[in-house]
There are 2 protein chains.
Amino acid sequence: MNPNNWNVPDKSLRKQATLHDVAQDAGVSKSTVSLVLQDNPQVKDQTREKVLRSIEATGYVYNRKAAALRQAQSSDLIGILVNSFVTPYSAEILNCFEQVALSKGLVPMMASNGEQLDQQERFIKSYMEHKVSGFIICPAPNTSVSWLDKIWRSGFPLVQIMREVPFSQFPAVIADNRNGVREATRHLISLGHQKIAFVGGDEAISDYHERLGGYMDAMSEAGLSVPEAYVLPISQGRAAGRQVLQTLLSYKTRVTAIVCFSDLMAYGILSMSRELGIEVGKDLAVIGFDDLADSSLTHPALTTVRVQPEDFAISAMEMLQNHIQNSQVPAERRVIPAKLIVRESCGAPQNIN
Amino acid sequence: MNPNNWNVPDKSLRKQATLHDVAQDAGVSKSTVSLVLQDNPQVKDQTREKVLRSIEATGYVYNRKAAALRQAQSSDLIGILVNSFVTPYSAEILNCFEQVALSKGLVPMMASNGEQLDQQERFIKSYMEHKVSGFIICPAPNTSVSWLDKIWRSGFPLVQIMREVPFSQFPAVIADNRNGVREATRHLISLGHQKIAFVGGDEAISDYHERLGGYMDAMSEAGLSVPEAYVLPISQGRAAGRQVLQTLLSYKTRVTAIVCFSDLMAYGILSMSRELGIEVGKDLAVIGFDDLADSSLTHPALTTVRVQPEDFAISAMEMLQNHIQNSQVPAERRVIPAKLIVRESCGAPQNIN
DNA sequence: GAATTTTACTGGAACGTTCCAGGTATCTTT
DNA sequence: AAAGATACCTGGAACGTTCCAGTAAAATTC
């Protein structure tokens, strides 16, 4: 092994080592080196070790691009697009996907769409060019079926998560939004609440309508009226929660309970309540959705609806892999169960779970 | 939309279209198609349009792998490794990097190391195989210089962010931790506090020592003693903040102010204080670090130290690009300014800023 | 010890691009 | 009308792998 070849500091002059270089160094053919890299048992141990030493010596780094080029379409890359990095629930989801990918030997390429179509399209286009083998995607509002269709027809299977594009027939993994919020609302009703608001969410996104539906179900089955003013869609977030509480308090007949689209919005309501001297859990019942890590640490601890982020990752990844290896499998729509987690913010006796 | 169509077209039988297919469809050579893709003005408009139509018709997707293989080392991929997706400040950083990459036409490959060496090594190895053109990395605790050195010598420039491996001479973009915490501590001292604790942080990470140093600076310049029990390193996070407050309250002489390693820890202290009936901003002063989006919404609003996450992204990306295009540029260590943001949690009159 | 099988390795085509060195028309110039 | 210039297009080598078909040597069989 030539000592001055690989360690010269000047990167610009020094090409990265290739199979060929390793082969030369080890005095074998590049085919043999390739076999070693693939752990092929055909290679004599003595040769294998010689090659491994040369790999080390040359600082060789496997070139997956070249390999993938040869091996037709295969690629260990999975494109994962969520709505945002800074939304805690999305961050949890990403984290789960990373772990699942790691355990399957896949490499996730993750990006956010920032809820914007153009950003979403730029990333998807770019990932297609990098030949990911499929997509996991939380579609931005107003994503069109025809666009998804184009992706699919270009040879990239995809699985929608968390939301789905209306009338799309593509595989999807969706939370049981309707049941979750129905249970939550029933819980409030069982505690005697009648004037219950549903706040937060984006009307352009499917999950909003499902959660709203669950709320409506529970209200109507209890024979409770839902004045228009009780439903306040507003983009989720803490600041919105603060604002929404003030709106609700301005009503002549005061609401006694609030079902929130998300935990984040519930946090905002909690924070504003404290400032206004309203005691949540006594004067006002608040219920969230997501069960973020922080929700057991708020004061009062937040009653909320939990949908395991791991389940999204495991199901979506599994479904995508099925579509990658066999284009004939039918599109499935999987629903992740939602579970009511009773804590203190509704004033109910706390369950042990 | 054909209801059974998107299920049927057998991807396994249908190869993705290549330059060659497009060329055939358009009745030109693949070289011409390549020229069109590169917007080369040599091509007659008529031909260009014919080719573009064929691209559309065949559903052709550019293959960046093949292109990069030909064009030697170049690649539009940047590997970005942070410590965690679920830490809010890291999420903000990732978001900024994504925006910067987008604006430069680069494609970020992002992953987290989960503060673990093995996960970090797996991702870096994988990204090297995918021939990213460089790395932005927030090194996990106990990352070794020799490992970084190996990456660098394999031809991948890297820039450390937020933390740096001790004695490493690689480029780095670091917050002005020492000054930030020094200012914060001085602020508390100027308000009359003397018994001030410094809590949180991981002793295995460089930023801890810098922030601790800032605290020590301020204490000693004011002639204040720092009993050992006033410094409580503990892995950051809300739960830790709750716990740490109880420890501090157990001391015979009570601490009147707490400098926290992070906002997250401060949130824990805020939440536990509320439960214990301690009024932060009056009975106890608390100061954070990070200025998360939520920190202006807590009650009381958190006094903290802000380090613009955008600045990390902009500086690190710029430095990395310099190293990518010219291996001779010297390693620079850039410091991002830290700014004290005075809000309510220390009981100080609130500045307007 | 000749024929056969097994073991361990190798040469080279192929993957889908880029880009250079040409190659034809067509257009100018004289 | 010949020569040169220009505009537009093309063939083919190269990038770093994989993998098939093949080869040479060693081991086994008869």
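Residue numbering restarts at 1 for every chain, and letters A, B, ... go by the order of the sequence lines.
- Within a 6.0 Å sphere centred on NZ of B/Lys125, other residues, nucleotides and ligands contribute 12 heavy atoms or fewer.
- The nearest whole Å value for the distance from the CD atom in A/Gln38 to the C1' atom in C/dT10 is 15 Å.
- With hydrogens and angles ignored, no donor-acceptor pair closer than 3.5 Å exists between the side chain of A/Lys65 and the base of C/dG16.
- We find that CG of B/Leu35 is positioned 9 Å from P of C/dT18, with the value rounded to whole Å.
- Using a 4.0 Å cut-off, no side-chain N or O of B/Ser34 falls inside it from OP1 or OP2 of C/dT17.
- The residue among B/Val61 and B/Gln42 whose nearest nucleotide of DNA chain C is located toward the 5' end is B/Val61.
- If you take NE2 of A/His20 and P of C/dG12, they are 13 Å apart, rounded to a whole angstrom.
- One can find a donor-acceptor pair under 3.5 Å joining the base of C/dG11 and the side-chain atoms of A/Ser31.
- One atom, NZ of B/Lys44, and another, C1' of C/dT24, lie 13 Å apart when rounded to the nearest Å.
- Distance B/Leu19 CG to C/dC15 C1': 12 Å, rounded to the nearest Å.
- Checked by distance alone, A/Lys30 brings a side-chain donor or acceptor within 3.5 Å of a matching partner on the base of C/dG12.
- Taking 4.0 angstrom as the limit, B/Thr32 places none of its side-chain polar atoms (N or O) nearer than this to OP1 or OP2 of D/dC9.
- Aromatic ring orientation, A/Phe170 versus A/Trp152: tilted (interplanar angle from 30° to 60°).
- Atoms CZ (B/Arg64) and C1' (D/dG16) sit 19 Å apart, rounded to a whole Å.
- In this structure, CZ of A/Arg70 is placed 12 Å from P of C/dA13, rounded to the nearest angstrom.
- In terms of phosphate contacts, A/Thr47 brings a side-chain nitrogen or oxygen within less than 4.0 Å of OP1 or OP2 of C/dC9.
- Between B/Ile137 and B/Gln120 there is a side-chain heavy-atom pair separated by less than 4.5 Å.
- Between B/Thr18 and C/dC15 there is no side-chain polar atom (N or O) within less than 4.0 angstrom of OP1 or OP2.
- Going from atom CE of A/Met128 over to atom P of C/dG16 covers 17 Å, rounded to whole Å.
- Of the possible donor and acceptor atoms, one in the side chain of B/Gln160 sits under 3.5 Å from a partner among the backbone N and O of B/Val165.
- A/Thr32 and A/Ser29 form a side-chain donor-acceptor contact under 3.5 Å, judged by distance and modelled atom types alone.
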